[in-house]
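The structure appears right after this line, and notes come after that.
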Amino acid sequence: MFKGLIGWFHKLGSPAYFDTFAARWSPWFYIASLPLFAFGLWQALAVVPADYQQGDSFRILYIHVPAAWMSLFVFGLMAFYSAIALIWRIKLCEILAMACAPIGAAFTLITLLTGSIWGKPMWGTWWDWDPRLTTELILLFLYLGVMGLYGAIDDRRAAARAAGLLSIVGLVLLPVIRYSVVWWNSLHQGQTISVFGESSMDSSMILPLWVMVFATKFWFAGSLLARARADNLRREAGKAWLRERVEKLQ
């Protein structure tokens with residue numbers, strides 16, 4: 001079984017095999033996310049009771065929290081792919097790492113926007129230079145820096161290596177974001193939801209949150225495969241295997 005798994009990963013590194021894999025599975029991940037999004041949002045907006053302190057304003061956390069978690073997860077995954085690409089020179093990992101950047105940037109932007117919308121009624125302001133907000137903003141700039149560096153260098157492989165190195169350096173920011181509300185005085189709400197421990201959030205409010213978390217994971221998987229496939233096809237333009245597939249479609 002282990003040998004078979006290693007063999008599958010080896011085949012996945014082939015541009016032709018990856019194109020087939022991504023074309024087959026990307027739509028299914030998108031499709032899987034849609035009922036989860038629909039159910040999670042319906043529960044969050046129509047079923048879950050209002051919070052006894054924040055009223056209906058708290059409902060935005062069903063978008064804010066999954067997006068915030070994804071902003072950190074995607075950056076970590078991007079750095080992981082980049083490290084593999086730098087050490088073993090695997091082209092597919094370069095492609096996957098760079099495909100992560102715009103998706104992670106979108107999640108980070110959603111996190112900042114929903115946080116500002118929540119902060120206006122709770123704090124009385126759209127923005128405050130709070131440690132959590134400030135570090136999340138820096139994370140957005142890091143994502144944009146990776147994207148900008150990748151686009152600024154003509155050689156795709158050299159560009160991916162340079163941008164990947166920036167993402168690895170940027171990993172130091174993730175624990176700072178995670179523990180900023182603990183290390184400094186912060187307006188941001190402390191941790192109320194725990195993956196492994198006990199959450200302070202009422203149990204009736206947790207189900208739609210986890211549904212939205214899984215929905216964002218499925219959507220991310222579909223989007224990652226779709227973007228990586230597009231970049232892979234651009235890099236492989238003119239190759240024999242791609243010409244053969246185009247001829248078969250004609």
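Since the model is a prediction, treat every value here as computed from it, not as a measurement.
- I63 contributes atom CD1, which lies 11.5 Å from atom CZ of F107 (distance to the nearest 0.5 angstrom).
- Between M212 and L36, every side-chain heavy-atom pair lies at or beyond the 4.5 Å cut-off.
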In a table with atom names and distances, give each donor-acceptor pair under 3.5 Å that connects a side chain of residues 43-50 to protein atoms at least two apart or in another chain.
none

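- In this structure, the separation between CD1 on I168 and CE on M78 is 10.0 Å, given to the nearest 0.5 Å.
- Taking CG of L165 as the start and OG of S82 as the end, the distance is 9.0 Å to the nearest 0.5 Å.
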Would you tabulate the side-chain donor-acceptor contacts of residues 137-156 under 3.5 Å, counting partners in other chains and residues two or more places apart, or write 'none'?
{"unit_1": "Y143", "atom_1": "OH", "unit_2": "S71", "atom_2": "O", "d": "2.7"}
{"unit_1": "Y143", "atom_1": "OH", "unit_2": "F75", "atom_2": "N", "d": "2.8"}
{"unit_1": "Y150", "atom_1": "OH", "unit_2": "D231", "atom_2": "OD2", "d": "2.9"}
{"unit_1": "Y150", "atom_1": "OH", "unit_2": "R235", "atom_2": "NH2", "d": "3.0"}
{"unit_1": "D155", "atom_1": "OD1", "unit_2": "R157", "atom_2": "N", "d": "3.0"}
{"unit_1": "D155", "atom_1": "OD1", "unit_2": "A158", "atom_2": "N", "d": "3.2"}
{"unit_1": "R156", "atom_1": "NH1", "unit_2": "Y150", "atom_2": "O", "d": "3.4"}
{"unit_1": "R156", "atom_1": "NH2", "unit_2": "Y150", "atom_2": "O", "d": "2.7"}
{"unit_1": "R156", "atom_1": "NH2", "unit_2": "I153", "atom_2": "O", "d": "2.5"}

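- At least one donor-acceptor pair closer than 3.5 Å links the side chain of S33 to the backbone N or O of Y30.
- Hydrophobic clustering, with ILVMFWY side chains joined whenever heavy atoms are under 4.5 angstrom apart, groups M122 together with L112.
- The heavy-atom pair separating T108 from G104 by the smallest distance is OG1-O, 2.8 Å.
- Although no hydrogens or angles enter the test, the distance criterion places a donor-acceptor pair under 3.5 Å between the side chain of T114 and the main chain of I110.
- From W123, atom CH2 reaches atom CG of L133 across 4.5 Å, with rounding to the nearest 0.5 Å.
- Taken together through direct or relayed side-chain contacts under 4.5 Å among Ile, Leu, Val, Met, Phe, Trp and Tyr, L34 and L225 form parts of separate hydrophobic clusters.
- A distance-only check finds no donor-acceptor pair linking the side chain of R132 to the backbone of Y179 [under 3.5 Å].
- Remark: L72 CG to L77 CG distance equals 12.5 Å, nearest 0.5 Å.
- In this structure the side chain of R229 never reaches within 4.5 angstrom of the side chain of S26, judged on heavy atoms.
- Under the 4.5 Å side-chain heavy-atom criterion for ILVMFWY residues, no single connected hydrophobic cluster contains both F80 and I95.
- Minimum heavy-atom separation, G164 to M98: N-CE, 4.0 Å.
- Note on Y81: it does not cluster hydrophobically with V169, by side-chain heavy-atom contacts below 4.5 Å among ILVMFWY residues.
- You'll find the side chain of F37 reaches within 4.5 Å of the side chain of T216, heavy atoms only.
- Taken from CG in L92 to CZ in F18, the straight-line distance is 5.0 Å, to the nearest 0.5 Å.
- Listed by chain and number, the residues in a salt bridge (Lys or Arg N to Asp or Glu O under 4.0 Å) with K239 are E236 (sequence neighbours excluded).
- Of all non-hydrogen atoms in W126 and I117, the two that sit nearest each other are CZ3-CA, 3.8 Å.
- Open room surrounds CH2 on W28; 12 or fewer heavy atoms of other groups in view lie less than 6.0 Å from it.
- Considering only heavy atoms from C-beta on, K217 comes within 4.5 Å of M70 through its side chain.
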Start with the C-alpha distance between F220 and I103, add both sets of side-chain angles, then the distance that settles side chain to side chain contact (heavy atoms under 4.5 Å, CB included), and finish with yes or no. CA-CA 7 Å; F220 166 71; I103 308 171; 3.6 Å; yes
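- Heavy-atom neighbours of W127 CH2 from other residues, nucleotides or ligands within 6.0 Å: above the threshold of 12.
- In plain terms, the two heavy atoms of S57 and P121 that are nearest each other are OG-CG, 4.0 Å.
- Each of I90 and L86 belongs to its own hydrophobic cluster when Ile, Leu, Val, Met, Phe, Trp and Tyr are linked at side-chain heavy-atom distances under 4.5 angstrom.
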Check the pair W219 / F29 against side chain to side chain contact (heavy atoms under 4.5 Å, CB included), numbers first and verdict last. CA-CA 6 Å; W219 186 88; F29 282 118; over 6 Å; no
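- Residues T20 and R245 bring a donor and an acceptor atom of their side chains to less than 3.5 Å of each other.
- Between the side chain of R243 and the backbone N or O of G238, at least one donor-acceptor pair lies under 3.5 Å.
- Contact record, N232 with P15: ND2-O, 3.1 Å, taken as the closest heavy-atom pair.
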Go through the steps for T111 and H64 under the test side chain to side chain contact (heavy atoms under 4.5 Å, CB included), then give the verdict. CA-CA 5 Å; T111 301; H64 177 75; 3.6 Å; yes
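- Using cut-offs of 30° and 60° on the angle between ring planes, the pair Y17 and F21 is parallel.
- Using the six-membered ring where Trp is involved, W69 and W210 have ring planes that are tilted, between 30° and 60° apart.
- Note: Y62 and F58 have perpendicular aromatic rings, judged against thresholds of 30 and 60 degrees for the angle between ring planes.
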